[in-house]
**Student:** 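Structure provided below as structure tokens; questions to follow.
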Amino acid sequence: MTDTPAGAPSARVQLPFYVWPLALLVGVLVAAGSLGYAPGGRLNVLWLWLLWAGLPLLGSLVSVAFLLWGRDRPWLFRWRHQRLHWYPNRTQRWHMLWLLQAFWLWLGAGILLGFLVLLLFTDLAFGWSSTLLSGEHTLLSILETSARPWENLWPAAVPDSGLMEATRYRRIDPEATATERAGDWWPFLMASLLCYNLLPRALLAGLSYGRWWRLARAARAPSVTAPPMTPVRAGTETPLKETPLHAWEAAVTADWELESHVSGPQFGRASWEDDKRALDELLVAAPERLLWRVSANRSPVGEMADLIERARQNDVVEQGLLALTDRQTQTERHLASWRRFAQQHQLTWVTP
């Protein structure tokens, strides 16, 4: 993982090549470990479903929530108000999401591979038990509902009342050792693994990869539709313009992630929609100059770059950047990072 300034289109999260076979191996080990026999001699099919399908499905739903509402900065970079020195921009976040989905997809493939191997070379006996449920009817309705996606394609993978009754395990039941239908649960587990684990991960991996690829391509493509007098977009190398602070006394100010600020709206501490709405309200007065005040000890972020570009598209002629320093500020690290950010996004460097 490289510490690249926000807005750099070529920044990517690099993973070593052995991560993918390692994920496959971990999946095989998960399958082998979860299919190890309990002292009672039965594999708990409910526990296997939760581990192989239920929890992965929950993780996929969380990823879907990120796809729909994940415009804010990831929680890892906001947790307990801690600030890391590397912030992924929008393109990098989609690339990270694709890598995460690909990892879970390989792990799920490892579980499937391990399950197939154990089905081929061992005699697996499944069962179910519950302390709270006195009968199998409630559980059967739940399992039948979960099996509806494949009930027409694979009827054998849909549990029925006969299977539920024959495979219920009771410790004090003298006939609890009957295993005539103990192996008939494997189609249901296989279909659940495919439908609720591998399929959602494959879809999410494809969507996130496509989104990342389009954003990366758009970031690398030169702008051909801008009029001749339009300011140069972020990413173009131009000399950094510097002006003193007193030249910006009449400019509209905006604070980014400042612990305390004197005037002007505060950005970077609310959601993306709130920041965008606050910027639109600020731009109603059609200011020609906008001064961004930041803490020099923080790192540049992609969200701020997006707001800068949004202000530029709303006819803000010039935008300045004032980095506020303190005793902890490192000139060769903090200020250099912000100067690089200002150069990339065509900002005027304001000196106090």
**Student:** Checking side chain to side chain contact (heavy atoms under 4.5 Å, CB included) between L48 and each of W128, W186, F126, which is the one that passes?
**Tutor:**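 It is F126, the one option of W128, W186, F126 that forms the side chain to side chain contact (heavy atoms under 4.5 Å, CB included) with L48.
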**Student:** Would you check if I111 and V28 make a side-chain contact, meaning some heavy-atom pair closer than 4.5 Å?
**Tutor:**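 Heavy-atom side-chain distance check fails, nothing below 4.5 Å.
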**Student:** Please tell me whether L25 and L35 are part of a single hydrophobic cluster in this structure, the criterion being side-chain heavy atoms less than 4.5 Å apart.
**Tutor:**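 As far as the 4.5 Å side-chain criterion goes, L35 and L25 are not connected within one cluster.
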**Student:** Treating W150 as the side-chain partner and A191 as the backbone partner, does any N or O pair qualify as donor plus acceptor under 3.5 Å?
**Tutor:**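 Pair absent, no side-chain N/O of W150 close to backbone of A191.
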**Student:** Taking Q266 for the side chain and L258 for the main chain, is one N or O donor matched with an acceptor at less than 3.5 Å?
**Tutor:**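 Yes; at least one donor-acceptor contact below 3.5 Å.
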**Student:** Any Lys/Arg nitrogen of R148 or E151 sitting under 4.0 Å from an Asp/Glu carboxylate oxygen of the other?
**Tutor:**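 No salt bridge links R148 with E151.
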**Student:** Taking the side chain as everything from C-beta on, heavy atoms only, tell me whether V30 gets closer than 4.5 Å to V26.
**Tutor:**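 SC-SC contact between V30 and V26 confirmed.
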**Student:** Taking all heavy atoms of A109 and all of L24, pick out the closest pair and write down the distance.
**Tutor:**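 Closest approach of A109 to L24, heavy atoms only: C-CD1, 3.9 Å.
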**Student:** Just by modelled atom types, is the I308 backbone N or O under 3.5 Å from a matching donor or acceptor in the Q319 side chain?
**Tutor:**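 Pair found, side chain donor or acceptor close to backbone of I308.
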**Student:** How long is the gap from CG on L240 to OG1 on T348, to the nearest 0.5 Å?
**Tutor:**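 The OG1 atom of T348 is 8.0 Å from CG of L240, to the nearest 0.5 Å.
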**Student:** To the closest 0.5 Å, what do you measure between OG1 (T253) and CG (L282)?
**Tutor:**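 Those atoms lie 8.0 Å apart.
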**Student:** Nearest 0.5 angstrom please: L198 CG to S192 OG, how far?
**Tutor:**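 Rounded to the nearest 0.5 Å, the CG-OG separation comes to 11.5 Å.
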**Student:** Check whether the side chains of W94 and S208 place a donor and an acceptor atom closer than 3.5 Å, and report yes or no.
**Tutor:**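 Side chains of W94 and S208: no pair found under 3.5 Å.
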**Student:** Going hydrophobic residue to hydrophobic residue with side-chain gaps under 4.5 angstrom, can you get from L105 over to F103?
**Tutor:**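 Linked within one cluster.
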**Student:** With side chain to side chain contact (heavy atoms under 4.5 Å, CB included) as the criterion, how do L116 and L120 come out once you've worked through the C-alpha distance, each side chain's angles and the decisive distance to 0.1 Å?
**Tutor:** CA-CA 6 Å; L116 290 173; L120 181 62; over 6 Å; no
**Student:** V350 versus W292: any side-chain heavy-atom pair under 4.5 Å?
**Tutor:**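 A side-chain contact under 4.5 Å is absent here.
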**Student:** Of all heavy-atom pairs between F267 and A278, which one has the smallest distance, and what is that distance?
**Tutor:**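 The pair with the smallest heavy-atom distance is CE2-CB, 3.7 Å.
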**Student:** What heavy-atom pair brings A296 and T325 nearest, and what distance separates the two atoms?
**Tutor:**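 That closest heavy-atom pairing would be CB-CG2, 3.9 Å.
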**Student:** For residues P200 and P56, determine if any side-chain heavy atom of one lies less than 4.5 Å from a side-chain heavy atom of the other.
**Tutor:**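 No; the side chains remain at least 4.5 Å from each other.
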**Student:** State, yes or no, whether a side-chain contact exists between P352 and L322 at a heavy-atom distance under 4.5 Å.
**Tutor:**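 Yes; the side chains approach each other to less than 4.5 Å.
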**Student:** Is there a path from V62 to L100 through hydrophobic residues (I, L, V, M, F, W, Y) whose side chains come within less than 4.5 Å of each other?
**Tutor:**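 No, V62 does not connect to L100 through the hydrophobic network.
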**Student:** Does the separation of the ring centres of F115 and W52 fall below 6.0 angstrom?
**Tutor:**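 For F115 and W52, the ring centres are under 6.0 Å apart.
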**Student:** Report the relative orientation of the aromatic rings in F341 and H345; use parallel for angles under 30°, tilted for 30 to 60°, perpendicular for over 60°.
**Tutor:**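 Tilted: the ring planes of F341 and H345 meet at 30° to 60°.
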**Student:** Is there a side-chain contact between L163 and F188, using heavy atoms and a 4.5 Å cut-off?
**Tutor:**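 Side-chain contact under 4.5 Å: no.
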**Student:** Tell me whether the NZ or CZ atom of R339 lies within the 45° cone about the ring axis of W349 and under 6.0 Å from its centre.
**Tutor:**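 Judged by the rule (NZ or CZ under 6.0 Å from the ring centre, within 45° of its axis), R339 counts as positioned above W349.
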**Student:** So V294 and L324, side chain to side chain contact (heavy atoms under 4.5 Å, CB included) or not? Walk me through it.
**Tutor:** CA-CA 6 Å; V294 301; L324 304 178; over 6 Å; no
**Student:** Report yes or no: do W185 and T167 form a side-chain donor-acceptor pair below 3.5 Å?
**Tutor:**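 There is such a pair (donor and acceptor under 3.5 Å, judged by atom type) between the side chains of W185 and T167.
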**Student:** Scan side-chain atoms only and decide if S63 and Q101 contain a donor-acceptor pair under the 3.5 Å cut-off.
**Tutor:**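 Distance-only check passes for S63 and Q101.
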**Student:** Of all heavy-atom pairs between L118 and A31, which one has the smallest distance, and what is that distance?
**Tutor:**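 That would be CD1-O, 4.1 Å.
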**Student:** Quick one: do L112 and L29 end up in the same hydrophobic cluster if we chain Ile, Leu, Val, Met, Phe, Trp and Tyr together by side-chain heavy atoms under 4.5 Å apart?
**Tutor:**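 Per the 4.5 Å side-chain linkage, L112 and L29 are not co-clustered.
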**Student:** Are R289 and W248 in a cation-pi setup, meaning NZ or CZ lies under 6.0 angstrom from the ring centre and within 45 degrees of the ring axis?
**Tutor:**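 Positive - R289 is close enough to the ring of W248 and near enough to its axis.
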**Student:** Show your reasoning for whether side chain to side chain contact (heavy atoms under 4.5 Å, CB included) applies to E144 and D160.
**Tutor:** CA-CA 8 Å; E144 287 178 339; D160 52 31; 5.6 Å; no
**Student:** Quick check for you: to the nearest 0.5 Å, what is the distance between L194 atom CG and N197 atom CG?
**Tutor:**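 If I round to the nearest 0.5 Å, the distance is 9.0 Å.
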**Student:** Do W212 and Y209 make the cut of ring centroids closer than 6.0 angstrom?
**Tutor:**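 Yes, ring centres under 6.0 Å apart.
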**Student:** Going from CG on L143 to CH2 on W49, what distance comes out if it is rounded to the nearest 0.5 angstrom?
**Tutor:**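 Result: 8.0 Å between the selected atoms.
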**Student:** Hey, are the side chains of T351 and L245 touching, using non-hydrogen atoms and a 4.5 Å cut-off?
**Tutor:**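 Heavy-atom side-chain distance check fails, nothing below 4.5 Å.
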**Student:** State plainly whether the residues R312 and E318 are in salt-bridge range, i.e. N to O under 4.0 Å.
**Tutor:**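 Looking at R312 and E318, the cut-off is not met.
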**Student:** Salt-bridge test for R310 and D280: reply yes if a basic N is under 4.0 Å from a carboxylate O, no otherwise.
**Tutor:**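 D280 and R310: salt-bridged.
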**Student:** Taking all atoms of both residues into account, what is the closest heavy-atom pair of W256 and E303, and its distance?
**Tutor:**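 For W256 versus E303, the nearest heavy atoms are CH2-CB, 3.8 Å.
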**Student:** Rounded at 0.5 Å granularity, tell me how far CG in D275 sits from CG in D306.
**Tutor:**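 Going from CG on D275 over to CG on D306, the span is 10.5 Å.
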**Student:** Do W104 and L203 share a hydrophobic cluster (ILVMFWY, side-chain heavy atoms under 4.5 Å, transitive)?
**Tutor:**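 Looking at the clustering, L203 is in a separate group from W104.
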**Student:** So which heavy atom on L321 is nearest to which on L291, and how close?
**Tutor:**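 L321 and L291 have their closest heavy atoms at N-CD1, 4.0 Å.
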**Student:** Before giving the answer on side chain to side chain contact (heavy atoms under 4.5 Å, CB included), spell out for L204 and S60 the whole-Å C-alpha distance, their side-chain angles and the decisive distance to 0.1 Å.
**Tutor:** CA-CA 8 Å; L204 289 171; S60 297; 3.9 Å; yes
